[in-house]
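The block underneath contains the structure these notes are about, expressed in structure tokens.
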Amino acid sequence: MLTLKVIRESKDEVIKRLAVKNFDGKEIIEKVIALDDQRKAIQIELDNNLAEQNSIAKQIGKLFSEGKTDEANSAKQRTSELKELSKVLSQKFTDAEKELNKALVKIPNLPHTSVPLGHGANDNVEVRSGGSIPKLHEGAQPHWELTKKYDIIDFELGVKLTGAGFPVYKGKGAKLQRALINFFLDENTSAGYQEIQPPLMVNEDSGYGTGQLPDKDSQMYHVGLDNFYLIPTAEVPVTNIYRDVVLNASQFPIKMTAYTPCFRREAGSYGKDVRGLNRLHQFDKVEIVQIQHPDKSYETLEEMVSHVENLLKKLELPYRILRLCGGDMSFTSALTYDFEVYSAGQEKWLEVSSTSNFESFQANRMMLRFKEEGDKKTQIAHTLNGSALALPRIVASILENNQTPEGIRIPKVLQKFCGFEMID
RNA sequence: GGAGAGAUGGCCGAGUGGUCGAAGGCGCACGCCUGGAAAGUGUGUAAGCUCCAAAAGGGCUUCAUGGGUUCGAAUCCCAUUCUCUCCGCCA
């Protein structure tokens with residue numbers, strides 16, 4: 001959520017920046033300012049009214065204690081009118097606040113000035129790339145054939161147990177998952193991220209804090225009986241650890257990593273991109289989250305990007321890093337780098353990480369603030385996160401890129417975690 | 001799931017209708033003391049909104065959350081959530 005301060009102080013700049021995300025903010029920004037004016041006007045009236053009531057109540061108390069009962073009783077009568085009025089005003093005030101918030105929550109985060117213009121994936125800008133695309137042998141297959149051939153991931157069995165998009169990992173397939181999780185967590189913790197095991201379900205407040213609610217609730221699985229949401233990413237519980245917290249500036253940066261399964265309904269996405277491991281309803285991911293001082297968040301973003309890049313290098317995967325254009329960015333992000341790996345069996349680039357700076361957008365929603373040493377005023381912190389990394393597409397590309405007529409070669413760094421060198 | 005007790009500031013804890021944004025302690029910050037530190041001692045120490053060009057200073061709200069009673073609520077009533085104890089069940 002943008003701050004009212006930014007909206008009020010640099011209205012034209014805000015509208016201009018929103019246009020980079022292909023969001024026409026002219027109308028809603030004007031509306032927000034008008035609603036805020038209205039809210040303030042009502043508050044002044046209401047506060048004055050309440051102040052008068054308070055002072056009368058105090059006087060009455062004094063009169064009673066002095067035994068002036070008659071005077072006290074006549075003072076009582078004056079308040080009934082005030083009470084009536086303040087009831088109306090406070091209703092108006094809550095309505096105004098609600099409406100303001102409703103509008104405010106609909107405005108996406110401002111993209112950073114370095115965000116390229118564009119509408120979709122074709123307009124993303126490649127920052128750099130690494131690794132080399134392998135030449136596969138005759139008869140090389142996409143991973144959904146390989147998993148069947150070696151009996152390591154069973155998609156049909158998942159359909160029997162739950163439904164499409166809930167695969168069952170078996171034998172070396174299951175072990176490979178475990179190896180990747182451990183590899184990622186080890187790499188992240190040695191880079192200074194504290195390991196966290198969060199709940200896999202969150203309440204409404206948490207969903208709101210990171211921006212999944214109120215708009216994207218149809219993308220999350222909802223446990224109706226208890227009103228919990230299955231997390232779509234560890235970002236949600238991990239970032240919300242610091243909801244409603246006032247940090248000390250000296251505590252920055254806060255670095256956390258968590259492995260969790262992620263649950264996504266993926267409503268409305270069908271077709272060729274969803275085969276095999278490419279898009280699932282439940283998948284494993286290791287996430288990194290940082291909470292940082294506003295002055296340092298972009299430095300931190302670069303640090304996170306090179307950390308993720310390093311993971312891909314170690315896994316010997318061909319990758320490219322894209323700076324997302326305005327049209328392809330998420331609602332909450334100010335700057336996002338996507339990491340894609342080339343999966344040679346299906347001859348496709350697959351997104352395996354999205355690393356973003358949210359600046360104060362999430363922190364403002366969840367009241368995540370900090371104080372500068374010796375300062376009385378609180379400021380809003382910056383939050384960042386990235387996948388390090390999402391498993392299924394990494395698995396897909398490892399299987400496809402490393403296939404040989406003799407079997408699938410496990411990348412060297414994973415071998416000690418797997419306990420085997422080949423899937424055959 | 002049943003029965004009972006409770007929820008107060010960064011933490012502990014007092015407070016059963018007005019003088020309470022809240023005693024006292026701990027913690028923290030600054031000062032004094034000290035060669036330096038500890039101890040001791042003094043002062044200060046919530047957040048949000050709002051008025052004011054800003055500072056200073058005011059106003060409003062907040063004692064789990066939401067409602068109610070009252071001129072006036074941390075305090076009384078109702079609902080919800082959560083925590084603890086006992087019983088039951090159980091990885």
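Letters A, B, ... mirror the listed sequences (proteins, then strands); counts begin at 1.
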Using a 4.0 Å cut-off to any heavy atom of chain A, which nucleotides of RNA chain B are the first and last in contact, reading 5' to 3'? B:G18 to B:G72
How about A:Arg178: does its CZ atom have over 12 heavy atoms from other parts shown lying under 6.0 Å from it? no
Please walk me through it: do A:Lys11 and A:Glu30 pass salt bridge (charged side-chain N to carboxylate O under 4.0 Å, His left out)? CA-CA 8 Å; A:Lys11 184 177 81 176; A:Glu30 294 293 355; 3.1 Å; yes
Checking A:Asn240 against A:Arg243: is there a side-chain donor and acceptor pair closer than 3.5 Å? yes
If pairing means Watson-Crick or G-U wobble with both distances under 3.5 Å, then the partner of B:C52 is none
Any strand is fair game: report the nucleotide pairing with B:G24 by Watson-Crick or G-U wobble, both distances under 3.5 Å, or none. B:C12
Nearest-angstrom distance, P atom, B:U62 to B:U69: 16 Å
Using a heavy-atom cut-off of under 4.0 Å over every strand shown, decide if A:Ile56 touches base, sugar-phosphate, or nothing. nothing
If we take the C1' atom in both B:A46 and B:G9, what is their distance in whole Å? 6 Å
Base-pairing assignment for B:A79 (Watson-Crick or G-U wobble, both under 3.5 Å): B:U65
Going through the checks in order, is the side chain to side chain donor-acceptor pair (under 3.5 Å) test met by A:Gln91 and A:Asp95? CA-CA 6 Å; A:Gln91 185 58 51; A:Asp95 288 350; 3.1 Å; yes
Applying the 3.5 Å cut-off to both distances, the Watson-Crick or G-U partner of B:G1 turns out to be B:C87
How is A:Thr378 classified with respect to the nucleic acid when contacts are heavy atoms under 4.0 Å: base, sugar-phosphate, or nothing? sugar-phosphate
Rounded distance in Å between the P positions of B:G44 and B:C51: 30 Å
Would you mind pulling out the nucleotide paired to B:A37, Watson-Crick or G-U wobble, both distances under 3.5 Å? none
Using ring-ring contact (aromatic ring centres under 6.0 Å, His included) as the criterion, list what pairs up with A:Phe339, not counting sequence neighbours. none
Can you tell me, in whole Å, how much space there is between the C1' of B:G1 and that of B:C89? 8 Å
P spacing across the pair B:G13 / B:G72, given as an integer number of angstrom: 33 Å
Could you tell me the Watson-Crick or G-U partner of B:C30, where both distances fall under 3.5 Å? Say none if there is no partner. B:G42
When both hydrogen-bonding distances must be under 3.5 Å and the geometry is Watson-Crick or G-U wobble, what is B:G72 paired with, if anything? none
Expressed as a whole number of Å, how far does the P atom of B:C90 sit from that of B:G6? 31 Å
Hey, which sits more toward the 5' end of RNA chain B by its nearest nucleotide, A:Ile60 or A:Arg369? A:Arg369
Got more than 12 heavy atoms from elsewhere within 6.0 Å of NZ, A:Lys175? no
If each of A:Ile44 and A:Gly61 is mapped to the nucleotide of RNA chain B with the nearest heavy atom, which maps nearer the 5' terminus, i.e. the 5' end? A:Gly61
Distance, P atom - from B:A7 to B:A74, rounded to whole angstrom: 15 Å
Spacing of the C1' atoms in B:G17 and B:C71 (rounded, Å): 12 Å
Decide yes or no on salt bridge (charged side-chain N to carboxylate O under 4.0 Å, His left out) for A:Lys285 and A:Glu235, but give the supporting numbers first. CA-CA 10 Å; A:Lys285 180 160 64 65; A:Glu235 162 197 348; over 6 Å; no
Please classify the nucleic acid contact of A:Asn48 as base, sugar-phosphate, or nothing, using heavy-atom distances under 4.0 Å. nothing
I'd like to know if the side chain of A:His119 pairs up with that of A:Asp328 as donor and acceptor (distance under 3.5 Å, no hydrogens or angles considered). no
